[in-house]
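One structure below.
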Amino acid sequence: CSTGEDKGRTILQELGWHPDQGKTIAVVPTFWQLYHQPTDVVPFFWGARLGLFRQRNRAAIANFIEGLGTVSGLVGRQLQEKTPVQFVLLPRYPGKPWQDVAYCDQIKAQILKVVPGATVIVYDHDRYSPKEYLSMYHCFDLVISVALHDLLFAAAHGKSAFNFYYEAKGKDFFAALNAQDASCPWTELLNPAKWQTLANTIVQTHQTWPMRQENFAKAVAQLQENAKKNGVLLAKLDPILENCSVKGAADATTPNLAA
(Lines give C-alpha, C1' and ligand atoms only; values in the text may rest on other atoms or scores of the structure.)
Protein backbone atom coordinates (compact mmCIF):
# COMPACT_ATOMS: atom_id res chain seq x y z
CA CYS A 1 0.00 0.00 0.00
CA SER A 2 1.07 3.58 -0.63
CA THR A 3 1.39 6.06 2.24
CA GLY A 4 -1.81 7.76 1.08
CA GLU A 5 -3.71 4.50 0.96
CA ASP A 6 -2.44 3.54 4.43
CA LYS A 7 -3.75 6.85 5.81
CA GLY A 8 -7.11 6.37 4.13
CA ARG A 9 -7.45 2.89 5.59
CA THR A 10 -6.58 4.21 9.06
CA ILE A 11 -9.18 6.98 8.89
CA LEU A 12 -11.90 4.62 7.70
CA GLN A 13 -11.04 1.94 10.25
CA GLU A 14 -11.41 4.53 13.00
CA LEU A 15 -14.98 5.00 11.75
CA GLY A 16 -15.73 1.26 11.80
CA TRP A 17 -14.83 0.28 8.25
CA HIS A 18 -13.59 -3.27 7.63
CA PRO A 19 -10.73 -3.40 5.08
CA ASP A 20 -11.32 -7.04 4.16
CA GLN A 21 -15.10 -6.88 3.84
CA GLY A 22 -15.60 -6.96 0.07
CA LYS A 23 -16.47 -3.81 -1.87
CA THR A 24 -16.88 -0.31 -0.47
CA ILE A 25 -19.44 2.06 -1.96
CA ALA A 26 -18.93 5.75 -1.18
CA VAL A 27 -22.11 7.84 -1.34
CA VAL A 28 -21.46 11.57 -1.47
CA PRO A 29 -24.65 13.64 -1.41
CA THR A 30 -24.89 17.38 -1.65
CA PHE A 31 -28.01 19.37 -0.89
CA TRP A 32 -26.78 22.63 -2.40
CA GLN A 33 -29.28 22.43 -5.25
CA LEU A 34 -32.02 22.34 -2.58
CA TYR A 35 -30.44 24.83 -0.16
CA HIS A 36 -29.55 27.63 -2.54
CA GLN A 37 -31.68 29.75 -4.85
CA PRO A 38 -30.18 32.28 -7.31
CA THR A 39 -32.65 34.94 -6.15
CA ASP A 40 -31.51 34.82 -2.50
CA VAL A 41 -30.55 38.27 -1.24
CA VAL A 42 -28.86 36.75 1.82
CA PRO A 43 -26.39 33.89 1.12
CA PHE A 44 -27.77 30.60 2.40
CA PHE A 45 -24.92 30.06 4.87
CA TRP A 46 -25.58 33.33 6.68
CA GLY A 47 -29.33 33.02 6.39
CA ALA A 48 -29.23 29.57 7.97
CA ARG A 49 -27.13 30.89 10.84
CA LEU A 50 -29.82 33.52 11.42
CA GLY A 51 -32.55 30.89 11.44
CA LEU A 52 -33.85 31.59 7.95
CA PHE A 53 -34.68 29.01 5.25
CA ARG A 54 -35.66 26.36 7.84
CA GLN A 55 -38.63 25.16 5.82
CA ARG A 56 -37.05 25.49 2.39
CA ASN A 57 -37.66 22.45 0.18
CA ARG A 58 -38.30 20.17 3.16
CA ALA A 59 -40.47 17.79 1.13
CA ALA A 60 -38.01 17.69 -1.77
CA ILE A 61 -35.10 17.04 0.63
CA ALA A 62 -37.01 14.13 2.19
CA ASN A 63 -37.76 12.68 -1.25
CA PHE A 64 -34.14 13.12 -2.33
CA ILE A 65 -32.89 11.35 0.80
CA GLU A 66 -35.29 8.47 0.25
CA GLY A 67 -34.34 8.17 -3.42
CA LEU A 68 -30.57 8.31 -2.94
CA GLY A 69 -30.68 5.93 0.01
CA THR A 70 -32.91 3.44 -1.78
CA VAL A 71 -30.92 3.48 -5.04
CA SER A 72 -27.61 3.12 -3.16
CA GLY A 73 -29.07 0.23 -1.20
CA LEU A 74 -30.31 -1.47 -4.36
CA VAL A 75 -26.85 -1.14 -5.89
CA GLY A 76 -25.31 -2.69 -2.79
CA ARG A 77 -27.84 -5.51 -2.77
CA GLN A 78 -26.99 -6.44 -6.35
CA LEU A 79 -23.24 -6.32 -5.78
CA GLN A 80 -23.69 -8.26 -2.55
CA GLU A 81 -24.74 -11.29 -4.56
CA LYS A 82 -21.06 -11.84 -5.41
CA THR A 83 -19.16 -10.15 -2.59
CA PRO A 84 -19.86 -8.44 0.75
CA VAL A 85 -20.57 -4.70 0.51
CA GLN A 86 -20.21 -1.80 2.92
CA PHE A 87 -21.08 1.88 2.55
CA VAL A 88 -19.35 5.13 3.49
CA LEU A 89 -21.43 8.31 3.49
CA LEU A 90 -19.46 11.53 3.02
CA PRO A 91 -21.41 14.72 3.79
CA ARG A 92 -20.43 17.72 1.70
CA TYR A 93 -20.64 20.13 4.67
CA PRO A 94 -20.24 18.29 8.02
CA GLY A 95 -20.31 21.43 10.18
CA LYS A 96 -23.01 23.83 11.37
CA PRO A 97 -25.29 25.40 10.20
CA TRP A 98 -25.46 22.70 7.56
CA GLN A 99 -27.60 19.65 8.26
CA ASP A 100 -25.71 17.30 5.95
CA VAL A 101 -24.62 14.88 8.71
CA ALA A 102 -28.21 14.50 9.95
CA TYR A 103 -29.36 13.96 6.38
CA CYS A 104 -26.64 11.33 5.86
CA ASP A 105 -27.93 9.54 8.97
CA GLN A 106 -31.33 9.44 7.27
CA ILE A 107 -29.77 8.10 4.05
CA LYS A 108 -28.06 5.44 6.17
CA ALA A 109 -31.42 4.41 7.63
CA GLN A 110 -32.84 4.16 4.11
CA ILE A 111 -29.93 2.00 2.91
CA LEU A 112 -30.44 -0.34 5.87
CA LYS A 113 -34.08 -0.79 4.90
CA VAL A 114 -32.87 -2.19 1.58
CA VAL A 115 -29.75 -4.01 2.85
CA PRO A 116 -30.45 -4.99 6.48
CA GLY A 117 -27.35 -5.59 8.55
CA ALA A 118 -24.97 -3.85 6.15
CA THR A 119 -22.05 -1.81 7.46
CA VAL A 120 -22.95 1.83 6.78
CA ILE A 121 -20.56 4.50 8.06
CA VAL A 122 -21.20 8.25 8.22
CA TYR A 123 -18.11 10.48 8.14
CA ASP A 124 -19.45 12.95 10.69
CA HIS A 125 -16.64 15.44 11.25
CA ASP A 126 -14.07 17.59 9.44
CA ARG A 127 -10.87 16.96 11.39
CA TYR A 128 -8.59 15.90 8.54
CA SER A 129 -6.69 17.93 5.97
CA PRO A 130 -7.85 17.79 2.33
CA LYS A 131 -4.94 15.46 1.51
CA GLU A 132 -5.88 13.11 4.33
CA TYR A 133 -9.57 13.24 3.40
CA LEU A 134 -8.80 12.35 -0.21
CA SER A 135 -6.68 9.40 0.90
CA MET A 136 -9.93 7.58 1.69
CA TYR A 137 -10.68 7.39 -2.04
CA HIS A 138 -7.94 4.77 -2.38
CA CYS A 139 -10.23 2.43 -0.45
CA PHE A 140 -13.44 2.92 -2.43
CA ASP A 141 -14.59 0.65 -5.25
CA LEU A 142 -17.53 2.77 -6.41
CA VAL A 143 -18.38 6.43 -5.81
CA ILE A 144 -21.98 7.61 -6.19
CA SER A 145 -21.95 11.39 -6.04
CA VAL A 146 -24.01 14.48 -6.73
CA ALA A 147 -21.21 17.06 -6.85
CA LEU A 148 -18.64 16.94 -9.65
CA HIS A 149 -15.61 17.27 -7.34
CA ASP A 150 -16.02 13.78 -5.95
CA LEU A 151 -16.23 12.30 -9.44
CA LEU A 152 -12.92 13.97 -10.28
CA PHE A 153 -11.38 12.51 -7.12
CA ALA A 154 -12.75 9.06 -7.97
CA ALA A 155 -11.49 9.22 -11.56
CA ALA A 156 -8.06 10.39 -10.38
CA HIS A 157 -7.89 7.31 -8.14
CA GLY A 158 -9.04 4.97 -10.92
CA LYS A 159 -12.36 4.21 -9.23
CA SER A 160 -15.71 3.70 -10.91
CA ALA A 161 -18.20 6.50 -10.43
CA PHE A 162 -21.74 7.64 -11.14
CA ASN A 163 -22.97 11.23 -11.04
CA PHE A 164 -26.46 12.51 -10.26
CA TYR A 165 -25.60 15.97 -11.58
CA TYR A 166 -27.39 19.22 -10.74
CA GLU A 167 -25.29 21.32 -13.11
CA ALA A 168 -24.39 20.66 -16.74
CA LYS A 169 -20.67 20.38 -15.94
CA GLY A 170 -21.26 16.93 -14.42
CA LYS A 171 -22.90 15.70 -17.60
CA ASP A 172 -20.24 17.40 -19.72
CA PHE A 173 -17.41 15.75 -17.78
CA PHE A 174 -18.68 12.26 -18.50
CA ALA A 175 -19.50 13.18 -22.09
CA ALA A 176 -15.85 14.20 -22.50
CA LEU A 177 -14.90 10.72 -21.24
CA ASN A 178 -17.37 9.10 -23.66
CA ALA A 179 -19.23 7.74 -20.62
CA GLN A 180 -22.59 9.48 -20.91
CA ASP A 181 -24.30 6.51 -19.26
CA ALA A 182 -22.42 7.25 -16.02
CA SER A 183 -24.53 10.29 -15.18
CA CYS A 184 -28.11 11.53 -15.08
CA PRO A 185 -30.00 14.48 -13.54
CA TRP A 186 -30.37 14.36 -9.75
CA THR A 187 -34.13 14.85 -10.14
CA GLU A 188 -34.37 11.25 -11.39
CA LEU A 189 -33.95 10.24 -7.74
CA LEU A 190 -37.30 11.85 -6.91
CA ASN A 191 -39.20 9.31 -9.01
CA PRO A 192 -39.66 5.94 -7.23
CA ALA A 193 -40.60 4.27 -10.51
CA LYS A 194 -37.02 4.83 -11.74
CA TRP A 195 -35.09 3.64 -8.69
CA GLN A 196 -34.52 0.06 -9.80
CA THR A 197 -33.50 1.12 -13.31
CA LEU A 198 -31.06 3.65 -11.87
CA ALA A 199 -29.54 0.98 -9.64
CA ASN A 200 -29.18 -1.39 -12.58
CA THR A 201 -27.43 1.33 -14.60
CA ILE A 202 -24.99 2.10 -11.77
CA VAL A 203 -24.12 -1.57 -11.32
CA GLN A 204 -23.52 -1.94 -15.06
CA THR A 205 -21.35 1.19 -15.06
CA HIS A 206 -19.29 -0.21 -12.18
CA GLN A 207 -18.86 -3.60 -13.82
CA THR A 208 -17.78 -2.18 -17.21
CA TRP A 209 -15.51 0.54 -15.78
CA PRO A 210 -12.25 -1.44 -16.09
CA MET A 211 -12.88 -2.03 -19.80
CA ARG A 212 -13.20 1.73 -20.36
CA GLN A 213 -9.86 2.72 -18.89
CA GLU A 214 -8.05 2.91 -22.25
CA ASN A 215 -10.75 5.21 -23.66
CA PHE A 216 -10.64 7.29 -20.48
CA ALA A 217 -6.88 7.71 -20.83
CA LYS A 218 -7.29 8.99 -24.40
CA ALA A 219 -10.09 11.35 -23.35
CA VAL A 220 -8.05 12.71 -20.42
CA ALA A 221 -5.07 13.29 -22.73
CA GLN A 222 -7.33 15.31 -25.03
CA LEU A 223 -8.71 17.30 -22.08
CA GLN A 224 -5.15 18.07 -20.97
CA GLU A 225 -4.24 19.22 -24.48
CA ASN A 226 -7.31 21.47 -24.56
CA ALA A 227 -6.36 22.90 -21.18
CA LYS A 228 -2.87 23.76 -22.49
CA LYS A 229 -4.40 25.53 -25.50
CA ASN A 230 -6.73 27.46 -23.20
CA GLY A 231 -3.73 28.45 -21.10
CA VAL A 232 -1.96 29.83 -24.17
CA LEU A 233 -5.05 31.82 -25.14
CA LEU A 234 -5.39 33.24 -21.64
CA ALA A 235 -1.75 34.27 -21.64
CA LYS A 236 -2.38 36.21 -24.86
CA LEU A 237 -5.56 37.77 -23.51
CA ASP A 238 -4.12 38.88 -20.16
CA PRO A 239 -2.29 41.98 -21.49
CA ILE A 240 -5.34 42.95 -23.55
CA LEU A 241 -7.70 42.61 -20.59
CA GLU A 242 -5.28 44.47 -18.34
CA ASN A 243 -5.12 47.37 -20.81
CA CYS A 244 -8.91 47.42 -20.99
CA SER A 245 -9.12 47.54 -17.19
CA VAL A 246 -6.60 50.37 -16.94
CA LYS A 247 -8.30 52.34 -19.72
CA GLY A 248 -11.71 51.75 -18.12
CA ALA A 249 -10.47 53.01 -14.78
CA ALA A 250 -8.92 56.07 -16.42
CA ASP A 251 -12.13 56.83 -18.30
CA ALA A 252 -14.10 56.54 -15.09
CA THR A 253 -11.87 59.05 -13.23
CA THR A 254 -11.12 61.53 -16.04
CA PRO A 255 -13.63 64.42 -16.26
CA ASN A 256 -15.37 64.95 -19.58
CA LEU A 257 -14.08 68.41 -20.49
CA ALA A 258 -16.35 68.57 -23.48
CA ALA A 259 -19.46 68.31 -21.33
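Atom set for the values below is all heavy atoms of this structure, side chains included, hydrogens, waters and symmetry mates excluded.
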Inset, instruction - Could you walk me through whether Tyr133 and Tyr123 pass the ring-ring contact (aromatic ring centres under 6.0 Å, His included) test, one step at a time? - result: CA-CA 10 Å; Tyr133 176 87; Tyr123 180 90; 5.5 Å; yes
Inset, instruction - Kindly indicate, with the supporting measurements, whether the criterion side chain to side chain contact (heavy atoms under 4.5 Å, CB included) is fulfilled by Met136 and His157. - result: CA-CA 10 Å; Met136 291 189 292; His157 286 81; over 6 Å; no
Inset, instruction - Given side chain to side chain contact (heavy atoms under 4.5 Å, CB included), test Leu12 with Val88 step by step and report yes or no. - result: CA-CA 9 Å; Leu12 288 170; Val88 177; 4.0 Å; yes
Inset, instruction - Any chance you could lay out the side chain to side chain contact (heavy atoms under 4.5 Å, CB included) test for Leu198 and Cys184, step after step, and finish with the verdict? - result: CA-CA 9 Å; Leu198 289 171; Cys184 73; 3.7 Å; yes
Inset, instruction - Kindly indicate, with the supporting measurements, whether the criterion side chain to side chain contact (heavy atoms under 4.5 Å, CB included) is fulfilled by Trp186 and Gln33. - result: CA-CA 9 Å; Trp186 73 274; Gln33 72 279 13; 3.5 Å; yes
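Separation of atoms CD (Gln80) and CZ (Arg77) is listed at 9.5 Å; rounding is to 0.5 Å. From Lys171, atom NZ reaches atom CD of Gln180 across 10.0 Å, with rounding to the nearest 0.5 Å. Rounding to the nearest 0.5 Å gives a distance of 10.0 Å between CH2 of Trp209 and CZ of Phe162. To the nearest 0.5 angstrom, Ile107 atom CD1 is 4.5 Å from Leu68 atom CG. Here Ile11 contributes atom CD1 and Ser135 contributes atom OG; the two are 4.0 Å apart, rounded to the nearest 0.5 Å. From Leu89, atom CG reaches atom CD1 of Ile144 across 10.0 Å, with rounding to the nearest 0.5 Å.
In this structure the side chain of Ile202 never reaches within 4.5 angstrom of the side chain of Asn200, judged on heavy atoms. Asp100 is not listed as a side-chain neighbour of Pro94, based on a closest heavy-atom distance of 4.5 Å or more. Side chains of Pro29 and Cys104 form a contact here, defined as non-hydrogen atoms less than 4.5 Å apart. Within the 4.5 Å cutoff, the side chain of Leu189 has heavy atoms near those of the Phe164 side chain. Taking 4.5 Å as the limit, every side-chain heavy atom of Val120 sits out of range of all side-chain heavy atoms of Gln86. Using a 4.5 Å heavy-atom threshold, the side chains of Val143 and Leu90 count as separate. Using a 4.5 Å cut-off on side-chain heavy atoms (C-beta onward), Asp141 and His206 make contact. Looking at Phe87 and Thr24, their side chains never come closer than 4.5 Å, going by heavy atoms from C-beta outward.
At a threshold of 4.5 Å between side-chain heavy atoms, the hydrophobic network of Ile, Leu, Val, Met, Phe, Trp and Tyr places Trp195 and Val85 in one connected group. When hydrophobic clusters are built by joining Ile, Leu, Val, Met, Phe, Trp and Tyr residues whose side-chain heavy atoms come closer than 4.5 Å, directly or via intermediates, Leu190 is grouped together with Val27. Both Tyr137 and Ile121 belong to a single network of hydrophobic side chains, linked directly or stepwise wherever heavy atoms of I, L, V, M, F, W or Y lie under 4.5 Å apart. In this structure, Val28 is not a member of the same hydrophobic cluster as Val146, with clusters built from ILVMFWY side-chain heavy atoms closer than 4.5 Å. Both Val114 and Phe64 are members of a single hydrophobic cluster when ILVMFWY side chains are connected at heavy-atom separations under 4.5 Å.
Here the closest heavy-atom approach between residue His138 and residue Lys159 is recorded as O-NZ, 3.0 Å. Listed here is the closest heavy atom pair of Glu5 and Cys139: O-SG, 4.2 Å. Of all the heavy atoms in Ala161 and Leu151, the pair that sits closest is CB-CD1, 3.1 Å. When all heavy atoms of Gly69 and Ile111 are compared, the pair lying nearest together is O-CG1, 3.4 Å.
The environment of His149 atom NE2 is sparse: at most 12 non-hydrogen atoms of other residues, nucleotides or ligands sit within 6.0 angstrom.
In summary, the side chains of Asp181 and Gln204 do not present any donor paired with an acceptor at a separation below 3.5 Å, with no hydrogens or angles considered. Judged purely by distance below 3.5 Å, without hydrogens or angles, the side chains of Ser129 and Glu132 pair a donor atom with an acceptor atom. Counted by atom type alone, Trp17 and Thr119 present zero donor-acceptor pairs between their side chains at under 3.5 Å. Side-chain atoms of Ser145 and Asp150 form a donor-acceptor pair, as typed in the model, at a separation below 3.5 Å.
For Tyr165 and Phe174, the distance between ring centers is not under 6.0 angstrom.
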